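I have placed the structure first, in the form of structure tokens, so that the comments after it can refer back to it.
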Amino acid sequence: MRRILFGFAAMTGFVTAAAAQDVTGNLKGPAAESVTRYLKQTRIPCYTQKGEETCRIIDTASDASLFHGSFKNDPTPHAVAFVSYQYDQTGNAMNQMAIVFREAGGRWMPVGRVDETVGMEPRQVQFGQGVIAYTGTVLGPNDSRASPTGRGRFSLKVTDRGVTFGKAGR
């Protein structure tokens with residue numbers, strides 16, 4: 001019986017440690033330090049064993065990627081961080097958010113955040129006319145939820161008032 005309890009305690013500790021991994025090591029480039037600070041300081045709604053509460057983004061994150069660029073209509077450097085996170089920490093569903101930053105006077109400041117974006121594993125990121133477009137992995141017609149193989153093109157519209165998510169046009 002002790003072995004079973006010890007095994008369960010060890011497994012629980014392992015799962016907790018795995019969920020609390022630091023994803024900031026994946027972040028590279030001039031905005032990385034500011035993005036890391038944002039992830040460590042910003043709290044979002046989350047659901048834990050205790051119920052509804054707020055958690056630091058970093059504590060819910062399982063992956064992060066960072067892309068830099070400038071808009072065609074604004075040469076100011078911008079960056080977008082995509083963060084995979086788990087709102088409901090009692091389940092296994094993953095969410096993704098996008099956080100856009102702008103460089104001003106040597107400092108990277110958040111422009112806005114969209115908590116529910118689609119298209120995991122963002123790639124082919126392009127900065128256009130006030131829009132950041134990217135390709136992401138989605139469920140294909142015959143996919144299981146555990147192994148998506150589809151691709152979709154999505155966009156983030158960036159304005160002075162924030163960021164909005166949408167499906168990119170062709």
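Just so it is clear, the model here is predicted, and its values are computed rather than measured.
- Other residues, nucleotides and ligands place more than 12 heavy atoms under 6.0 Å from the CG atom of Asn73.
- With values rounded to the nearest 0.5 angstrom, Ser147 atom OG is found 13.0 Å from Asn142 atom CG.
- Asn26 places no side-chain N or O within donor-acceptor distance of the main-chain N or O of Ser65, the cut-off being under 3.5 Å.
- Here the closest non-hydrogen pair linking Gly150 and Asp143 is N-OD2, 3.4 Å.
- No more than 12 heavy atoms of other residues, nucleotides or ligands lie within 6.0 Å of CZ in Arg151, so this atom counts as exposed by the packing criterion.
- Between Arg56 and Lys40, the closest side-chain pair of non-hydrogen atoms falls below 4.5 Å.
- Remark: the Glu53 side chain and the Thr48 side chain contain an N/O donor-acceptor pair separated by less than 3.5 Å.
- Tyr85 and Glu116 make their closest contact through OH-OE2, 3.2 Å (heavy atoms, listed as atom of the first residue, atom of the second, distance).
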In a table with atom names and distances, give each donor-acceptor pair under 3.5 Å that connects a side chain of residues 30-37 to protein atoms at least two apart or in another chain.
unit_1	atom_1	unit_2	atom_2	d
Ser34	OG	Arg37	NH2	3.4
Thr36	OG1	Ala32	O	2.9

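- Without hydrogens or angle criteria, Thr117 side chain to Gln96 main chain gives a donor-acceptor distance under 3.5 Å.
- In this structure a side-chain-to-backbone donor-acceptor pair under 3.5 Å is present from Gln86 to Gly91.
- One N or O on the side chain of Arg43 and one on the backbone of Thr54 form a donor-acceptor pair closer than 3.5 Å.
- In this structure, the side chains of Tyr87 and Cys55 stay at 4.5 Å or more apart for every pair of heavy atoms.
- Side chains of Ser155 and Lys167 form no contact here, defined as non-hydrogen atoms less than 4.5 Å apart.
- Screening Thr42, Leu39, Asp115 for a side-chain contact (heavy atoms from CB on, under 4.5 Å) involving Ile99 leaves a single residue, Leu39.
- Other members of the hydrophobic cluster containing Ile132, listed by chain and number, are Phe67, Phe71, Val80, Phe82, Val100, Val111, Val114, Val118, Val125, Phe127, Tyr134, Val138, Phe154, Leu156, Val158, Val163, Phe165; membership follows side-chain contacts under 4.5 Å among ILVMFWY residues, whether direct or relayed.
- Note that CG of Asp59 and CG of Asp22 are 10.0 Å apart. Values are rounded to the nearest 0.5 Å.
- Linking ILVMFWY side-chain heavy atoms closer than 4.5 Å, directly or via other members, places Leu27 and Met120 in two distinct hydrophobic clusters.
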If you apply the rule side chain to side chain contact (heavy atoms under 4.5 Å, CB included), what do you find for Ser62 with Met94, and how did you get there?
CA-CA 9 Å; Ser62 64; Met94 294 302 298; 2.9 Å; yes
Do Tyr38 and Ile57 pass the side chain to side chain contact (heavy atoms under 4.5 Å, CB included) test, and can you show the C-alpha distance, the side-chain angles, and the key distance before you say yes or no?
CA-CA 8 Å; Tyr38 183 90; Ile57 294 173; 3.9 Å; yes
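- In this structure, the side chain of His68 does not engage the main chain of Leu66 through any donor-acceptor pair within 3.5 Å.
- Residue Thr135 is tested with Gln124, Arg123, Glu121 for a side-chain hydrogen bond (donor to acceptor under 3.5 Å, both in side chains); the sole match is Gln124.
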Please walk me through it: do His78 and Ser70 pass side chain to side chain contact (heavy atoms under 4.5 Å, CB included)?
CA-CA 6 Å; His78 282 75; Ser70 294; 5.7 Å; no
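- Closest of all the heavy-atom pairs between Pro148 and Thr137 is O-CG2, 3.7 Å.
- The backbone N or O of Gly25 lies less than 3.5 Å from a partner atom in the side chain of Lys28, making a donor-acceptor pair.
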Criterion side chain to side chain contact (heavy atoms under 4.5 Å, CB included) on Lys72 and Gln129, from CA distance to verdict
CA-CA 5 Å; Lys72 292 179 180 176; Gln129 189 91 5; 3.6 Å; yes
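- Among all heavy-atom pairs drawn from Ile44 and Arg113, the shortest one is CG2-NH2, 3.6 Å.
- Between Gln41 and Ile58, every side-chain heavy-atom pair lies at or beyond the 4.5 Å cut-off.
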